[in-house]
Amino acid sequence: MAVFSLSDFADHEQVVFCSDDKSGLKAIIAVHNSNLGPALGGCRMWPYASEEEAVRDVLRLSRGMTYKSAMANLKLGGGKSVIIGNPRTQKTPDLLAAFARALEQLGGRYIAAEDSGTSVADMKYMNQFTAHVAGIKDKPTDEGTRSGDPSPATAYGTFIGIKAAVKEQLGRDSLEGLKVAVQGVGNVGFDLARQLKEAGASLWVTDIHRDSLTRAAEELGAVVVAPDAIFGLDVDVFAPCALGAVLNDQTIPQLQAKIVAGASNNQLAEARHGVALMKRGILYAPDYVINAGGIIDVYHERIGFDRAALLAHIEGIYDNLMEIFARARAEERPTAEVADAIAEERFRR
Ligand code: NAD
């Protein structure tokens, strides 16, 4: 298969294919851009149907990390890695150790963090063999400590981002009485819903796990709806917190919300769906800008954790979004396109 000519290859600096016979490791590490610092991004383990699919995924995701970190004003570049295999059946200590040794050979050009199919515990295990993993340290909170899991930081950043979108689109500072539909009440979605509830919002939620829905209904008083019904609700904000490509030809015509602002990655099925949202007068908070709390959290772990500095940095998502919204309004361009332009200005500087 061709690699350099793939559109996703863009201008990647380095792509490394790693294998280890003994453990069965087959992995790809992609460093898209390191102008601003070492490339940091998740390590995903997934049973890809083909090697081509794995290559495309790692390239697309690593490029996205460059934009995300630049937009969040982090001294980090963009990178990602994928391990080909089923995390439930093929993730062994030997395989993780072999992958960690591959990271070590890159000398810190790429730093791995947890992602789909890998966990904080996996990163901690790999840390025995390499220093180049992140998201592994416990952090202080009001209630005690929390693990390296960046989800709470992502949820907080998304909450701040919704405030910015509400200010821009509805001219309000308060979320009191705001109607929000949350798609997916997992790690991020539930915590986001809790903060929205505390700020006075009313909630509608959906998920494919009954237990998560029961918890949201009982603890947050959320109204539970079927997965397909979440798009057409008469709400102010639609917050995707489950999966990608949820803004597409089928769903956009159904939306009654005036704002789409949630934590999911890659929400737009295609770039043209950003235009479709703009034409419908729906304000879209670009996914990688609003969901940057997690990478900001991981970055602060690396520079020496200071809780006040972390919260201030996450709260910067508000100003980032306001800059994007203002420019998109002035230039009559989709917010996603403007976000990319600003990120490029930052990492190509
Ligand atoms: P999670 O797996 O804990 O939660 C996702 C939830 O969505 C689950 O409860 C799942 O049952 C539900 N779901 C799956 N398919 C669904 C469907 N079709 N309809 C409704 N619900 C569905 O994941 P998470 O860590 O909360 O992440 C949520 C999203 O945010 C993902 O897209 C993730 O990539 C993105 N994100 C997460 C972080 C982070 O720090 N965890 C950071 C950036 C982006």
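Each ligand, and each atom within it, is numbered from 1 in the order the structure gives. Quick caveat: nothing in here was measured; it's all calculated off a predicted structure.
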| Is there any salt bridge (Lys or Arg N to Asp or Glu O under 4.0 Å) pair reaching into residues 73-95, and which pairs are they, with sequence neighbours excluded? |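 Qualifying pairs, neighbours excluded: K22-D94, K80-D115, K91-D122.
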| query | Given E168 and R329, is the salt bridge (charged side-chain N to carboxylate O under 4.0 Å, His left out) satisfied, shown in steps? | reply | CA-CA 10 Å; E168 168 73 15; R329 199 174 350 101; 2.8 Å; yes
| request: Could I get the full list of ring-ring contact (aromatic ring centres under 6.0 Å, His included) partners for F99, not counting sequence neighbours? | output: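 Applying ring-ring contact (aromatic ring centres under 6.0 Å, His included) to F99 gives none.
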| message | Run the ring-ring contact (aromatic ring centres under 6.0 Å, His included) test against H300 and tell me which residues pass, sequence neighbours left out. | response |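 Per chain and number, H300 pairs via ring-ring contact (aromatic ring centres under 6.0 Å, His included) with H313.
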Are any protein N/O atoms closer than 3.5 Å to the N/O atoms of ligand 1? If there are, list each pair with names and the distance to one decimal place.
{"residue": "ligand 1", "atom": "3 (O)", "partner": "N187", "partner atom": "N", "Å": "2.9"}
{"residue": "ligand 1", "atom": "3 (O)", "partner": "N187", "partner atom": "ND2", "Å": "3.3"}
{"residue": "ligand 1", "atom": "9 (O)", "partner": "D207", "partner atom": "OD1", "Å": "3.2"}
{"residue": "ligand 1", "atom": "9 (O)", "partner": "D207", "partner atom": "OD2", "Å": "2.7"}
{"residue": "ligand 1", "atom": "11 (O)", "partner": "D207", "partner atom": "OD1", "Å": "2.5"}
{"residue": "ligand 1", "atom": "11 (O)", "partner": "H209", "partner atom": "ND1", "Å": "3.1"}
{"residue": "ligand 1", "atom": "26 (O)", "partner": "N187", "partner atom": "N", "Å": "3.2"}
{"residue": "ligand 1", "atom": "26 (O)", "partner": "V188", "partner atom": "N", "Å": "2.8"}
{"residue": "ligand 1", "atom": "30 (O)", "partner": "A263", "partner atom": "O", "Å": "3.3"}
{"residue": "ligand 1", "atom": "32 (O)", "partner": "A242", "partner atom": "O", "Å": "3.4"}
{"residue": "ligand 1", "atom": "34 (O)", "partner": "N265", "partner atom": "ND2", "Å": "3.0"}
{"residue": "ligand 1", "atom": "40 (O)", "partner": "T154", "partner atom": "OG1", "Å": "2.7"}
{"residue": "ligand 1", "atom": "41 (N)", "partner": "S151", "partner atom": "OG", "Å": "3.1"}

| query | Going hydrophobic residue to hydrophobic residue with side-chain gaps under 4.5 angstrom, can you get from L95 over to W46? | reply |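 As far as the 4.5 Å side-chain criterion goes, W46 and L95 are not connected within one cluster.
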| query | Between H273 and D249, is any side-chain donor less than 3.5 angstrom from a side-chain acceptor? | reply |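 Indeed, the side chains of H273 and D249 share at least one donor-acceptor pair under 3.5 Å.
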